[in-house]
Amino acid sequence: MNMRLHNTLTGRVEPFEPQAPPEVRMYVCGPTVYDRAHVGNFRTFVASDLLRRALRYKGYRVKEVMNLTDVEDRIIGFARDAGSDLRGFTERHIRAFEEDRAALRLERPEVVPRATEHVPEMVDLIQRLIERGHTYTADGSVYFRIGSFPEYGRLARLDVSGIKPGARVDSDRYDKEDVRDFVLWKAKHDEPEWAQWDAPFGRGRPGWHIECSAMSMKYLGETLDLHAGGVDLIFPHHENEIAQSACGTGRPFVRHWFHVQHLLIENETMSKSKGNTFTIPDIVARGHRPEAIRYLLCSGHYRKTMNFTWEGLHQAAAALERVHGLLTRLGEVTREGAPGTEVVEAGLRARRAFDDALADDLNTPEALAAVHGLVTETNGLLAAGAVTREGAGLLRAHVEAMDSVFGVLVAAGEDGLSTEEQALYDARQGARRKREFGRADEIRGRLEKLGVVLEDTPQGTRWRRKR
RNA sequence: GGCGGCGUAGCCAAGUGGUCAAGGCGGAGGUCUGCAAAACCUCUACUCUCCGGUUCAAAUCCGGACGCCGCCUCCA
């Protein structure tokens, strides 16, 4: 159950120790549902999915909460423009997110709360902050006074001392005592009715950060074991979450902060103006499989900027195909007998390397290398006829165990051949039996154009879909 | 300007003081095959952006240069 993870709070890789093992209470900042999430967003979600799966692999029981931010100024704006109410607008994007989540084989967190369904909890927390003297009101909005929290800036390593308390900063709509103070509750202006809630401190809507504090603590308790998100959230979002939560409860908010680096697309920053904020359906429309996307996102370390390229997607698909091919061939072994020591040892060796890699700050690239090491060894043993049926089962079990973390190594069930494809397949088999190889090759070429690859083996002809 | 990170083969990507610079993709040759495909075997970075330094020893530590990226108020 040993695991070392980098902790943004300390800036070091340190042993991960939950408060009440084997349970891990983990929170992940989820999507803001005003648009379809892009691959960059999904890098974070894939990384946090790898983390929760790795923790389970190591013997922990994970309770993960991932919020859906379904009220926020942009959402309100877009919904109003679309002539929709909040629920109608966000529902569409939530469904899209669920589709993408399933396509990338992300496990569904145990709790997926929506901000709009937790306004009372947020009001409650704000109320507590007011009572403890961490707030002030300006124009009806409630602000958090960062000067009331000495530890402010620790996570982001910001030096707050340069900001003069009391220096008023002009803002078109709100009047803050300090630039870095942030809003807990925004007083209503001209927002639609569906974007307003009642609170003891006035009608309005919650600020951005408060939802994560309120929802995480509701489902996971006042101190979380793990909190994950993209690096861009370190400041101000997570810094503010810490301030609100710690000041509201008087306890540490999070023990371990896990932050995922950003993604580059073809060596360029993602941005709307560059037109490279690809969504999962965008990438699929270009002929790539979601499994390849997931594999590619798994192939770099989460703390390092990753370069996402179309070429890389092809490479990922090819690497994945290699593992799938091994599994197919393991299933075809018929020889009886106990597994040889070579088989047993190859499996154990790979598992040890795999376990070590995961324990070392979730080093998935190295864990993947362990998987491929086993593939190469097994292929060799297979070619030498050294694998029995029992041995094949053992090796497959190792791959499956490792895939409990990666989630793409075992191929999803494929559809059978269509009637047309089946007819061609049968015709080729007939031609081959009659040794009419010219005709057989011609049919094989036609099937390949249809995306079906044939492989003749001593045991017969097998087919697979081209990647 | 302040803070943080990165620069490893054609491409993707581990390694952060001392067996060997992982692994994948691609490429070359060979084995197998009716031919292919798949698989196997061999080869594919004497070197880690560059320049200095520390050390018996550096891709790994220190200094500098160049290039790239992120954060410094609602963007994963």
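Just so it is clear: chains get the letters A, B, ... in the order the sequence lines come, proteins before strands, and each one is counted from 1.
Looking only at side-chain heavy atoms (C-beta outward), A/H259 and A/I234 come within less than 4.5 Å of each other. Side-chain contact check for A/H227 versus A/I242: every heavy-atom pair is 4.5 Å or farther apart.
For A/R432, no side-chain nitrogen or oxygen approaches OP1 or OP2 of B/G34 to under 4.0 Å. Listed pair A/N307 / B/A13 fails the phosphate criterion, with no side-chain N or O lying under 4.0 Å from OP1 or OP2. Residue A/T364 places none of its side-chain N or O atoms closer than 4.0 Å to OP1 or OP2 of B/A13. When the side-chain nitrogen and oxygen atoms of A/R74 are compared with OP1 and OP2 of B/C75, one or more of them lie within a distance under 4.0 Å. For the pair A/K186 and B/C74, the criterion of a side-chain N or O lying under 4.0 Å from OP1 or OP2 is not met. Within the 4.0 Å cut-off from OP1 or OP2 of B/A37, not a single side-chain nitrogen or oxygen of A/K466 is found. Using a 4.0 Å cut-off, some side-chain N or O of A/T269 falls inside it from OP1 or OP2 of B/G70. Residue A/N379 places none of its side-chain N or O atoms closer than 4.0 Å to OP1 or OP2 of B/A39.
With hydrogens and angles left out, the side chain of A/R43 and the base of B/A76 share no donor-acceptor pair within 3.5 Å. Counting distance only, with no hydrogens placed and no angle test, the side-chain atoms of A/Q315 and the base atoms of B/C11 include a donor-acceptor pair under 3.5 Å. Judged by distance alone, with hydrogens and angles left aside, A/D441 brings a side-chain donor or acceptor within reach of the base of B/G34, the pair sitting under 3.5 Å. Residue A/N41 places no side-chain atom within donor-acceptor reach of the base of B/C75, judged by atom type and a 3.5 Å distance cut-off alone.
When both pairing distances are held under 3.5 Å, B/A14 makes no Watson-Crick or G-U pair with any nucleotide shown. In this entry B/C75 has no Watson-Crick or G-U wobble partner, no candidate having both defining distances under 3.5 Å. For B/C61, the paired nucleotide is B/G53, the pair qualifying as Watson-Crick or G-U wobble because both relevant distances are below 3.5 Å. Remark: B/C43 base-pairs with B/G27; criterion is Watson-Crick or G-U wobble with both hydrogen-bond distances under 3.5 Å. Judged by Watson-Crick or G-U wobble contacts below 3.5 Å, the nucleotide B/G67 has B/C6 as its partner. Applying the Watson-Crick and G-U wobble criteria (two distances, each under 3.5 Å), B/C20 pairs with nothing in any strand.
In this structure, A/F354 has its ring center closer than 6.0 angstrom to the ring center of A/Y57.
Side-chain proximity of A/R322 to B/A36, B/A39, B/C12: nearest is B/A39. Taking only side-chain atoms of A/E311, from C-beta outward, the nucleotide of B/C25, B/A37, B/U73 with the closest atom is B/C25.
If you find the closest nucleotide of RNA chain B to A/T32 and to A/R303, the one lying nearer the 5' end belongs to A/R303.
A gap of 40 Å separates the C1' atoms of B/G64 and B/C43, to the nearest Å.
Between A/C29 and the options A/M66, A/E211, A/E241, a side-chain contact (heavy atoms from CB on, under 4.5 Å) holds for only A/E241.
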